[in-house]
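Within every chain, numbering begins at 1; the chains are lettered A, B, ... in the order of the sequence lines, protein sequences first and strands thereafter.
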Amino acid sequence: MSATSMRTHMSGELRSEHIGQAVSVCGWVASRREHGTQLAFVDLRDHTGVVQCVVDNGVDVRSEFVIRVTGVVRARLEGTVNKNLPTGEIELGECVVEILRTAEPPPFPIDARADKVEENTRLQHRYLDIRRERMQRNLRVRAKVNSAIRRAMEAQDFVEVETPMLVPSTPEGAREFLVPSRKEPGSFYALPQSPQLFKQLLMVAGIDRYYQIARCLRDEDLRADRQYEFMQLDAEMSFVSQDDVLEAISEAVMAAAEAATGERPPAIERITWHDAMNRFGVDKPDLRFGMELTELTDAFASTEFKAFAGAASIKGINASGKAEEMGRNKLDGLTDRAKKIGAKGLVWLKVGADGSLDSPVAKFLSADEQAELLRRLAGVPGDLILIVADDWEMTCEVLGTLRNDLGRPPVWQGPYRYVWVTEFPLFIGRNKETGKPKPGHHPFCRPHPDDLDKFETDPMAVRALAYDLVLNGWELGSGSIRIHESDLQRRVFNALGISDEEADKKFGFFLRPFEYGAPPHGGFAFGIDRLVAILAGEENIREVIAFPKTQSGSDPMTNAPTPPSPSQLAELGIRTLPAKV
RNA sequence: GGUCCCGUGGUGAAGUGGAGUUCACGCCGGCCUGUCAAGCCGGAGGUCGCGGGUUCGAACCCCGUCGGGACCGCCA
């Protein structure tokens, strides 16, 4: 398959079984070692690896020259086998070297040493960075993941449909990239933040099962796990329950994981949003480590300690064995962190060698309370116990953050712990100005059927048929069963404080087609960059993207973005403001 | 929009107020017949990101600015 008119083999594939064969390989000079004029070794590299070529007629090749070597595979001399090299038992002898292209010395070594080179330099010369084994591996893992996802979706009768990149601007959600219209000066397209609108319309259109490996664009600040452009497996299904969607997506995720790692993960476990918050304090729990939040509210029901008395929710975590390493400075740091999030304070207690509690507040806690505390948190000498008393949301959030700060390993480390987080609340928080609830996900999520009666009386308690997929504490994606009936949609809009007229104005173009027979449907989308990064052992998605942007949104290789020419602006009917001074 | 960290030959580092910026890798030249990110000898290569300030004196301290990174906000 890899043979061409110029080569017979890939260099990294040559083994003892090829001994005696005349072969041609093509690639780059990884290194050259000269021993006088009669003998030189040239390591030739292609994307499969490196093979040693023995040259005895003094060819002047330098690092990264592109060469073609024709020679005979032979066993290495006794004592010169290189066990660190997959091809280390053989070498190419009687070599004829053709220089296909000379090369400037590269700005950084094309090997693992470049892992220490400043990322900006790697990005400036990304074509050289990608020549390295690490990037080759990452991009090939990514290709395998894409391919496995396609196969898994097709095996389940999903139809790949491409949706447009030039779309109307939509009222809510992430900031959009805008593209000026030449034919309608003053009007703009938006680049899609997701194919949400189109995929739901494809359900109305009877496609039944849609998927797309879709490019999505959001003009929000970049991070280790966020780029302007990213890829999602985007899917939507008709006539389904939540379980149908979770099963279909799980199949794609497991196929992708198996393709990347060689191992199929076990069935993905599930946890409700409420349990996730209660036990881990976050809606994207990292299940790889313990330190779970422990309920203490009732244990301090009649406490004398003012900070705990009457608190709606008291919880604690046990940072096992961390008492010694956490000195006063670090504990103050944790307290500051807790206060920054919004807690009134943070109670810490160290378990002493005799099982007593060392803490500024120990004297306020009765002997019974101290004993119960130690029992519930399984405290043993050397442990550090942290307690927060506040309303339920704050207690969970603060301890969830501290738990991650204190215990969370790098995202790629250890086992892969996939988890579906289900039953997200339909509304999260309230609009500061109107006092109306804000949608937890988006306003088209289907409310949980058991909670419909609470809609008007206790909206914040209404759960949604909305779910997230989480891997090692990273949110991979989310989805929901949608609302396909207008009366239910109206109730949700009303709860959000959106009038019928406003709803029609803002979302009419989306909802009106539903009047022509929208089937019950639901779907999901998950980020392929994030999944690939974790499966490739990277903690930054830039490492699995061929040409990513920097944190400020620029590309050091192409210098994008660049100012337009005056004639481009004129054609588009656009005048720019002077740069801020 | 905010908090914190980093900018020293091509690359990675050292130098935190005082002599001529130091080292390794790479690069160039020479030597070398079994090395393997070879070895030995020699050489070139720097506006210490940029601008201003403090000082007798600044790579080093201060202010600003640009670039990069981590995080918060933001990402329905």
Checking only heavy atoms, does the side chain of A:Arg76 share a donor-acceptor pair with the base of B:rU35 at less than 3.5 Å?
-> yes

Drop me the distance from [X]'s [atom1] to [Y]'s [atom2], to the nearest 0.5 angstrom.
{"X": "A:Ile528", "Y": "A:Leu476", "atom1": "CD1", "atom2": "CG", "result": "10.5 Å"}
{"X": "A:Met460", "Y": "A:Lys438", "atom1": "CE", "atom2": "NZ", "result": "9.0 Å"}
{"X": "A:Arg542", "Y": "A:Arg223", "atom1": "CZ", "atom2": "CZ", "result": "11.5 Å"}

Which listed nucleotide ([options]) is nearest to the side chain of [X]?
{"X": "A:Arg542", "options": "B:rA37, B:rA70, B:rG34", "answer": "B:rA70"}
{"X": "A:Arg33", "options": "B:rC36, B:rA70, B:rG34", "answer": "B:rC36"}
{"X": "A:His35", "options": "B:rA70, B:rU33, B:rC74", "answer": "B:rU33"}
{"X": "A:Arg113", "options": "B:rG34, B:rG69, B:rA37", "answer": "B:rA37"}
{"X": "A:Arg218", "options": "B:rA37, B:rC75, B:rC36", "answer": "B:rC75"}
{"X": "A:Asn120", "options": "B:rC27, B:rC71, B:rG68", "answer": "B:rG68"}
{"X": "A:Arg223", "options": "B:rC72, B:rC75, B:rG34", "answer": "B:rC72"}
{"X": "A:Asp221", "options": "B:rG1, B:rA70, B:rU33", "answer": "B:rG1"}
{"X": "A:Asn82", "options": "B:rC36, B:rG69, B:rG34", "answer": "B:rC36"}
{"X": "A:Arg226", "options": "B:rG12, B:rC71, B:rC75", "answer": "B:rC75"}

So, is [X] close to the [N] phosphate, meaning a side-chain N or O under 4.0 Å from OP1 or OP2?
{"X": "A:Asn540", "N": "B:rA70", "answer": "yes"}
{"X": "A:Arg122", "N": "B:rU11", "answer": "no"}
{"X": "A:Thr121", "N": "B:rG7", "answer": "no"}

For [N] and [M], measure between their [atom1] atoms and round to the nearest Å.
{"N": "B:rG67", "M": "B:rG51", "atom1": "C1'", "answer": "15 Å"}
{"N": "B:rG69", "M": "B:rC32", "atom1": "C1'", "answer": "45 Å"}
{"N": "B:rG39", "M": "B:rU33", "atom1": "C1'", "answer": "14 Å"}
{"N": "B:rC36", "M": "B:rG29", "atom1": "C1'", "answer": "23 Å"}
{"N": "B:rG7", "M": "B:rA59", "atom1": "P", "answer": "15 Å"}
{"N": "B:rC50", "M": "B:rU8", "atom1": "C1'", "answer": "14 Å"}
{"N": "B:rG46", "M": "B:rG26", "atom1": "C1'", "answer": "16 Å"}
{"N": "B:rG20", "M": "B:rC62", "atom1": "C1'", "answer": "28 Å"}

Do A:Asp555 and A:Thr558 have side-chain atoms, one donor and one acceptor, less than 3.5 Å apart?
-> yes

A:Glu176-A:Thr170 side chain donor-acceptor pair, cut-off 3.5 Å = yes

Which nucleotide, if any, forms a Watson-Crick or G-U wobble pair with [N], using both distances under 3.5 Å?
{"N": "B:rU3", "answer": "B:rA70"}
{"N": "B:rG45", "answer": "none"}
{"N": "B:rC32", "answer": "none"}
{"N": "B:rA24", "answer": "B:rU11"}
{"N": "B:rG51", "answer": "B:rC63"}

Need one value for [X]: base, sugar-phosphate or nothing, where a base atom within 4.0 Å counts as base even if backbone is also close, heavy atoms only.
{"X": "A:Thr170", "result": "nothing"}
{"X": "A:Thr550", "result": "sugar-phosphate"}
{"X": "A:Asp111", "result": "base"}
{"X": "A:Ala40", "result": "nothing"}
{"X": "A:Arg74", "result": "base"}
{"X": "A:Gln52", "result": "base"}

Of the options A:Ile541, A:Leu217, A:Asp225, A:Asp529, which is the one that meets A:Phe230 in a side chain to side chain contact (heavy atoms under 4.5 Å, CB included)?
-> A:Asp529

Under the 5.5 Å and 30° test, is A:Phe41 stacked on the base of B:rU35?
-> yes

Identify the residue among A:Arg446, A:Arg491, A:Arg490 that makes a salt bridge (Lys or Arg N to Asp or Glu O under 4.0 Å) with A:Glu485.
-> A:Arg446

Ring center gap for A:Phe526 and A:Trp474 short of 6.0 angstrom | no

Residue mapping more 5' on RNA chain B - nearest nucleotide basis, A:Gln38 or A:Pro107 | A:Pro107

Specify the separation, in whole Å, of atom NZ of A:Lys340 and atom C1' of B:rU3.
-> 6 Å

